[in-house]
Amino acid sequence: MKHIYCIAIASAVIGLAANSATRAELNEGAHAYIIWPNDGAVIPSGKFWLRMGLAGAGIAPAGIDRPNTGHHHVVVDSDLPPAGEPIPNDKKHLHFGAGQTEARIELPPGRHTIQLVLGDADHVPQNPPIISKKITVIVPR
Amino acid sequence: MPATGWLTSIAIGAAVSLSLLTGAHAQVKEAAAPAATRATRTPAPAEAYVYIGWPNDGEVLRMRRFKVWFGTRNFGVAPAGVTKANTGHHHLLIDTTLPPLDEPIPNDKNHLHFGAGQTETYIELPPGTHTLQLIMGDADHVPHDPPLVSKKITVRVQ
């Protein structure tokens, strides 16, 4: 089923498929998730430790090419970056290429979204991408 | 599940021959350097620490098979064999005390290695009281200096 899906994608987007065909794959069932905070959490100070979870795969720092590993990227207040390309490196896309699984985050008052996407040795999402649920946190004024 | 396979291979390794522990260790170490006692250990920053995120200390577990997640702060995770500053990989100690700090962490059913960079696992324990503790190992499975050791927690499996 997964293969049929991949073939469908490949047929539909030849250019992208040619690119993503070279991307690292993780074991089936591998998934990323945000351990903390919970979706909808209200964080009075706006400062918190984000805890990044990865099941069924391992962490390796950026630049380390090992089977079934990747490193975390945190997407803040943004949609997912394009597949098949290195994840941007800016204030909405935080890289944790040193193999971190926790990050100190500070957000201004308001509603914010947070999502994880795993990247390979070259910061490119795996194929298929390993992404967490997009959660919302609220920092009161 | 790779973690299950890993545990299985460790269990088999331990069962096949405890006297050949070094051999079993080398098998899991992949391409890492041969196990040997070293004069110097890999440094770790003072602010780095590891902890068991789940289960909680004193937790009563209704299932024999449960998840353990490994918390790491101010430090990174890298697979065994990867030499990179401020990184290491997790080892879960079950019902045992800390191993010697100047040599590779043993590889048996009381010392589970997570050399693929895993940050959580599932383990299965018989009913009763058990202790769990994490210790980081460097590329060669040797604890850092100072060692990155979690609090030793106790759980009860019903």
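Order of the sequence lines fixes the chain letters, A, B, ..., with proteins taken first and strands second; residue numbering starts at 1 for each chain. Heavy atoms only: backbone and side chains are in, while hydrogens, waters and symmetry mates are out.
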| message | Tell me whether B/F66 shares a hydrophobic cluster with B/I94, the cluster being built from Ile, Leu, Val, Met, Phe, Trp, Tyr side chains joined at under 4.5 Å. | response | yes
| Side-chain heavy atoms of A/R66 within contact of B/V82, under 4.5 Å | yes
| task | Supply the atom-to-atom distance A/I35 CD1 to B/E120 CD, rounded to the nearest 0.5 angstrom. | result | 6.5 Å
| query | Quick one: do B/V50 and A/L54 end up in the same hydrophobic cluster if we chain Ile, Leu, Val, Met, Phe, Trp and Tyr together by side-chain heavy atoms under 4.5 Å apart? | reply | yes
| query | Got A/P61 and B/P79 here, is their nearest side-chain heavy-atom distance under 4.5 Å? | reply | yes
| note | Heavy atoms of A/I59 and B/V77 approach each other most closely as CG2-O, 3.5 Å
| field | Minimum heavy-atom distance B/T87-A/A98, with the two atoms named | value | CG2-O, 3.6 Å
| task | Could you look at A/I64 and say if it's the side chain, the backbone, both or neither that has a heavy atom under 4.5 Å from chain B? | result | side chain
| A/R104 side chain near B/R73 side chain, heavy-atom distance below 4.5 Å | no
| field | B/Y49-A/W36 co-clustered via ILVMFWY side chain contacts under 4.5 Å | value | no
| query | Out of curiosity, does A/I87 fall in the hydrophobic cluster containing A/I131 (side-chain heavy atoms, cut-off under 4.5 Å, transitive links)? | reply | yes
| Shared ILVMFWY cluster between A/V75 and A/I105, side chains joined below 4.5 angstrom? | no
| side-chain contact (heavy atoms from CB on, under 4.5 Å) between B/F75 and A/Q100, worked out | CA-CA 6 Å; B/F75 205 69; A/Q100 301 98 316; over 6 Å; no
